[in-house]
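Throughout, a chain's letter reflects where its sequence line sits, starting with A, and its residues are numbered from 1.
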Amino acid sequence: MNNADVAAALAEVAELLELKNESGFRIRAYENAAKALSNQTEDVRSLVATGGLVKIKGIGSGIARTIEELLSTGHIVYLDQLRSEFPEGVRRLMSVPGVGPSLARRVYVELGVTNLDEFRVAAEDGRLASLPGLGEKSAQNVLRAMERVNKQESRVSIGKAVPLVEELMDALKDVPGLDNLVPGGSLRRWAPTIGDIDIMGTSTDATVAMGCLVSLPQVRQVLSHGHTKSTIITDNGLQVDFRIVEAEAYGSLVQHFTGSRDHNIELREFALSRGQSLNEYGIQDVKSGTRMSFSDETSFYAALDLELIPPELREGRGEISAARARRLPNLVTLGDIRGDLHVHTEWSDGTLPIEAMVDAARQRGYEYMCITDHSGGIGVAGGLSEERILQQIDAVHEVAGASSDIHVLMGSEVDIRRDGSLDFPDQILERLDWVVASVHSGFNQPEEQMTQRIIRAMENPHVDAIGHPTGRLIGKREPYAVDMEAVFAAAARTRTALEINSFPERLDLVDVHARRAKDLGVMLVINTDAHAPIHLDNIRYGVAMARRGWAEPANVLNTKTFGDLCDWLKRDGP
DNA sequence: GCCGTTTTCGGCCCGACTGTTTTCAGTCG
């Protein structure tokens with residue numbers, strides 16, 4: 001039973017309360033508690049033990065008791081009661097876009113529908129359309145939405161979304177009268193996965209511009225089409241929301257549409273406490289009714305006496321109080337990165353020779369880079385034997401000697417075996433400039449074992465960093481069970497860096513982990529794990545994740561100059 | 001159910017669009 005399990009139980013309570021048409025405020029309380037818990041890196045069990053649970057904003061005494069009940073008995077009596085009122089499938093009906101708690105409840109109560117299959121039949125045979133207040137269009141919309149769900153056109157990784165949006169933005173350039181186009185939402189916040197794309201702009205004639213947008217050739221389906229807001233599905237299955245306002249309100253529009261929901265709610269609550277009401281058109285003084293418009297975000301936040309909050313921080317995780325106190329972090333930027341310390345070549349599972357990868361790093365203006373091919377334990381990745389890595393050491397040194405404009409380091413991504421020992425003996429590791437240790441097997445080990453395995457690797461004085469520390473693959477593999485608090489403590493103690501792996505499918509560490517690591521004094525390192533030159537460009541995703549984790553340049557190892565990096569590498573081991 | 005730099009009670013973000021309606025509830029972001 002970990003934080004995610006408990007959060008899921010609380011979220012289920014919220015969903016069932018929605019079905020019951022309970023007070024929206026109670027529902028939000030459970031939703032907020034679930035979210036607050038999943039933003040915690042400290043294990044819920046230790047939070048209970050130390051009494052830290054109620055100190056978390058959004059968890060009060062009531063929900064704290066519920067969590068304790070779940071941990072001690074494995075059940076929440078209240079949740080079991082709620083479950084007995086609605087078959088499991090009824091809750092699932094709400095996963096269909098456009099189907100909320102009201103409709104789900106009605107089709108269950110009035111039509112006896114208990115799952116998605118029965119729902120489809122009811123939509124097809126006319127029973128859904130026959131309900132008072134509904135009609136044929138509603139039924140058709142349900143059927144089309146179910147089709148989309150089946151095609152799994154839901155969330156995509158940011159690595160897929162960014163190129164698609166860049167392509168779409170290019171197509172939008174020619175829409176007449178449309179200016180200042182910019183993507184917003186989770187994409188602008190660089191969230192690891194994107195549900196739908198938000199695109200904002202200004203126009204003197206929004207109606208005409210909207211008409212052009214919804215009739216673009218890329219549009220497969222129009223979900224809604226209004227004067228200032230439209231929603232479409234593109235031919236590659238992406239949902240795109242367009243929002244247009246007049247130029248004078250552009251600042252508040254961009255702010256409004258960058259979100260997140262939690263950030264916006266907290267910001268509006270904060271504004272209300274100051275007697276101001278916020279919306280996408282500006283700020284209204286509640287008493288006098290005076291309205292202010294903002295053409296840029298800086299002046300919008302300034303009108304609330306707040307520093308400009310970078311989009312990556314707008315997740316409702318304390319950024320508003322930090323902005324009030326003028327204590328926002330000075331976030332690391334792409335330009336701060338001086339080198340890539342996790343790069344593969346054809347010596348293991350990369351595609352190109354050492355020289356080509358060095359060249360690619362050179363072209364990106366790096367001061368240094370490190371070759372880190374796999375060790376032999378990774379059979380499928382063509383890992384190097386001891387004999388082969390000794391040869392590669394010579395090969396890399398040769399390339400390094402011939403490179404005057406970039407420092408080329410020789411390293412390894414050494415496999416952490418199931419018992420925490422490493423795939424190369426110390427006599428080899430000590431000859432390397434840089435060692436990334438990673439888990440590539442035995443993902444199903446119990447948490448205690450996995451935690452000790454990683455800590456043991458960190459205790460090896462030759463290990464400089466842990467690669468992709470939680471092992472997750474977005475949409476494919478959950479993170480392995482590991483006590484991250486213990487990993488952070490060991491990383492701080494052994495002065496081992498933790499990687500933010502920039503591969504869009506990994507993005508590991510994730511933001512909340514990166515932030516916790518930073519707070520505990522753990523050094524981060526942003527690497528691409530490149531297997532081909534183009535992968536080096538993924539660094540932007542890793543930097544974005546670091547920014548979402550509130551990281552400053554001083555928290556990121558590869559912002560150091562080569563000289564400072566060398567000094568760091570000479571640090572004392574455990 | 002949670003929360004408090006006016007509050008331990010009385011609040012709790014805000015607006016656009018749709019479908020089926022003659023005025024609004026539901027859903028979404």
[X] [atom1] to [N] [atom2], straight-line distance once rounded to whole Å:
{"X": "A/R261", "N": "B/dC28", "atom1": "CZ", "atom2": "P", "answer": "12 Å"}
{"X": "A/R26", "N": "B/dG1", "atom1": "CZ", "atom2": "P", "answer": "4 Å"}
{"X": "A/E280", "N": "B/dA16", "atom1": "CD", "atom2": "C1'", "answer": "8 Å"}

Proximal nucleotide (of [options]) relative to the [X] side chain:
{"X": "A/K137", "options": "B/dC12, B/dG29, B/dT20", "value": "B/dT20"}
{"X": "A/I63", "options": "B/dC2, B/dG15, B/dT20", "value": "B/dC2"}
{"X": "A/S224", "options": "B/dG19, B/dC14, B/dT18", "value": "B/dT18"}

For atom [atom1], what is the distance between [N] and [M], given to the nearest Å?
{"N": "B/dC9", "M": "B/dG15", "atom1": "C1'", "result": "29 Å"}
{"N": "B/dT18", "M": "B/dT22", "atom1": "C1'", "result": "16 Å"}
{"N": "B/dA25", "M": "B/dT20", "atom1": "C1'", "result": "10 Å"}
{"N": "B/dT21", "M": "B/dA16", "atom1": "P", "result": "24 Å"}
{"N": "B/dC12", "M": "B/dT7", "atom1": "C1'", "result": "13 Å"}
{"N": "B/dC2", "M": "B/dT8", "atom1": "C1'", "result": "12 Å"}

Indicate the ring-plane relationship of A/F86 and A/Y108, choosing parallel, tilted or perpendicular according to the 30° and 60° boundaries.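 Ring orientation of A/F86 relative to A/Y108: tilted.
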
Give a yes or no on this: more than 12 heavy atoms of other residues, nucleotides or ligands lie within 6.0 Å of atom CD of A/Q221.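 Enclosed: over 12 neighbouring heavy atoms sit under 6.0 Å from CD of A/Q221.
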
For atom CD of A/E22, is the number of surrounding heavy atoms from other residues, nucleotides or ligands below 6.0 Å larger than 12?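 It does: A/E22 CD has more than 12 such atoms within range.
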
Could you tell me whether [X] contacts a base, only the sugar-phosphate backbone, or nothing, with contacts defined as non-hydrogen atoms closer than 4.0 Å?
{"X": "A/Q239", "result": "sugar-phosphate"}
{"X": "A/N32", "result": "nothing"}
{"X": "A/S260", "result": "nothing"}
{"X": "A/E266", "result": "nothing"}
{"X": "A/P132", "result": "nothing"}
{"X": "A/I265", "result": "base"}
{"X": "A/E22", "result": "nothing"}
{"X": "A/L103", "result": "sugar-phosphate"}
{"X": "A/L267", "result": "nothing"}
{"X": "A/N264", "result": "nothing"}
{"X": "A/S230", "result": "nothing"}

Under the side-chain contact (heavy atoms from CB on, under 4.5 Å) rule, what do A/V175 and A/L213 come out as? Steps first, then yes or no, please. CA-CA 7 Å; A/V175 176; A/L213 283 175; 4.2 Å; yes

What does B/dC28 pair with, Watson-Crick or G-U, if both distances are under 3.5 Å?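 Matched B/dC28 with B/dG15 under the 3.5 Å cut-off.
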
So does A/K229 get a side-chain nitrogen or oxygen closer than 4.0 Å to the phosphate oxygens (OP1/OP2) of B/dC17?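 So the side chain of A/K229 is outside the cut-off, no N or O lying under 4.0 Å from OP1 or OP2 of B/dC17.
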
For A/V54 and for A/S277, locate the closest nucleotide of DNA chain B by heavy-atom distance; then report the residue assigned to the nucleotide nearer the 5' terminus.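 Going by which nucleotide is closer to the 5' end, it is A/V54.
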
Between A/R243 and A/V96, who's closer to the 5' end of DNA chain B by nearest nucleotide?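 On the 5' side of the pair lies A/R243.
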
Pick from A/K35, A/R261, A/R189: which one makes a salt bridge (Lys or Arg N to Asp or Glu O under 4.0 Å) with A/E315?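 Exactly one pass, corresponding to A/R189.
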
Passes side-chain contact (heavy atoms from CB on, under 4.5 Å), A/V13 versus A/T66? Steps please. CA-CA 11 Å; A/V13 171; A/T66 304; 5.9 Å; no

